[in-house]
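Note that ligands are numbered from 1 as they come in the structure, with each ligand's atoms numbered from 1 the same way. We use all heavy atoms of the structure for the numbers below, so side chains are in, but hydrogens, waters and symmetry mates are not. The model shown is predicted, which means the values in this text are computed figures rather than measured ones.
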Amino acid sequence: MSIQLCANQRFKAAASAAALSGKGMRVTVIEGPAGSGKSLMAAYLASAVLCENEKTRPCGVCRACRLAEAGIHPDVIRPEKDKKTVVSVDAIKDLRRDAYVRPTVGREKIYLFENAEYLNAEGQNALLKLLEEPPEGVRFILLASSRSLLLPTVLSRATLFTAESVPPEEALAFLRARFPDREESLVKTAVRLSAGVLGRALEILSGDGGEREKALSYLKTAARRDEFALYKASDALSRDPSSDPRLFLDALRELLLLSAMDAAGLGYAGEDTVPRFGKEKAAALADVCSGIRRWLDVNVAPAAVYTGLSASFASLLEA
Ligand SMILES: [Zn+2]
């Protein structure tokens, strides 16, 4: 099985072709917002290039593919010291020397700049000579939130790709497989709100699953505007030994913020998601969660916290 990179068919085909022919994509620039899959694309290209398989690259099973996918292949070099600092010109000078040294284990070596925007103009200029004519068996991959952050002289030497947004059906299938235990409506909401940026959906769905499920079920009860059912729900929560009121309130607040975003028209349109209360009301309910969460700091008992929550929700939803 190969690296799970959704969408981006044209990129995958180009990466495989370049890896098999040994031609093209010596310098590759990939642009896209955070969470759009740039790093996965880089891992895909790196495994394709370093793959030990003769016919299919990347094969996804050989040692080189597995090392590249895990981000630990010794011939994939990340010149950035950390992710938020400008790469020094000295570091580029070291790189210029290093580029002429043979790869450690594979046929080629790859310099991967995960945040190429932290290469300032000076650094990019220092790289230019290498990018013009990379030494034999050397490739460069530059990731950036936007190509406009790179110098035209750098771009003119590169093959450019934009991380594609993932179509809703493909995102849904991927996330269902990744989170088989998550409630369907939550997965659908994540898909809608991510607007094709899969990393965002992953962020929404990771985190504490248990409390999130409980919070979602509580919200569904709230959406029925049935005061009696709400008190029953808070009673059940206070008797549930596995329930952590802080985590529950955080999860509840998060879902309400999603619901508010949803009501504001962000994400894809669709049915069967987090309950809707309207933008203002969802935001007001989220505020209630933050307010009630502070009760815990002054040692109010969880049972009273849950009851207070239901009372506030009931009166807000009635108004
Ligand atoms: Zn392989």
Side-chain angles (χ1 to χ4, degrees), residues 1-32 35-80 83 95 98-116 130-131 133-144 157-167 170-171 173-180 197-199 201-202 206:
M1 206 187 80
S2 187
I3 288 191
Q4 261 204 309
L5 172 62
C6 293
N8 296 294
Q9 296 305 336
R10 193 176 67 85
F11 170 80
K12 286 191 258 194
S16 296
L20 285 167
S21 68
K23 293 196 186 87
M25 293 178 76
R26 314 293 315 177
V27 182
T28 304
V29 167
I30 302 170
E31 67 170 352
S36 60
K38 299 188 297 288
S39 297
L40 260 185
M41 291 168 79
Y44 191 94
L45 175 56
S47 2
V49 165
L50 300 166
C51 179
E52 291 152 8
N53 193 298
E54 293 297 319
K55 292 199 179 80
T56 312
R57 287 187 192 156
C59 71
V61 291
C62 73
R63 194 180 59 114
C65 277
R66 281 181 289 126
L67 288 171
E69 184 176 1
I72 49 173
H73 197 296
D75 290 321
V76 179
I77 300 139
R78 292 171 171 74
E80 288 151 304
K83 291 196 168 183
L95 186 160
D98 182 69
Y100 291 92
V101 179
R102 299 264 322 133
T104 309
V105 292
R107 289 181 304 271
E108 300 203 26
K109 65 185 189 185
I110 296 167
Y111 292 95
L112 169 60
F113 289 88
E114 298 212 89
N115 291 276
L130 269 180
L131 299 182
E133 253 178 275
E136 173 120 15
V138 171
R139 284 175 198 267
F140 293 88
I141 306 175
L142 289 83
L143 312 183
R157 284 157 182 84
T159 313
L160 303 176
F161 290 93
T162 302
E164 285 175 11
S165 70
V166 179
E170 194 178 349
F174 173 85
L175 293 168
R176 270 192 199 126
R178 177 80 174 263
F179 299 98
V197 179
L198 207 48
L202 286 170
S206 11

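Within a radius of less than 2.8 Å around the Zn ion (ligand 1), the protein N, O or S atoms are Cys51 SG, Cys59 SG, Cys62 SG, Cys65 SG.
Annotation: salt bridge (charged side-chain N to carboxylate O under 4.0 Å, His left out) contacts of Glu108 (sequence neighbours excluded): Arg26, Arg139. The side chain to side chain contact (heavy atoms under 4.5 Å, CB included) search around Leu112 returns Ala42, Val76, Arg78, Glu114, Ile141, Leu143, not counting sequence neighbours.
With hydrogens and angles disregarded, a donor-acceptor distance shorter than 3.5 Å links the side chain of Glu170 to the backbone of Ala7. Side-chain atoms of Arg157 never come within 3.5 Å of backbone atoms of Leu131 as a donor-acceptor pair (strictly under, hydrogens ignored).
The list of ring-ring contact (aromatic ring centres under 6.0 Å, His included) pairs with a residue in residues 7-32, not counting sequence neighbours, reads Phe11-Phe161.
In this model, a donor atom of one side chain and an acceptor atom of the other lie less than 3.5 Å apart for Tyr111 and Asp98.
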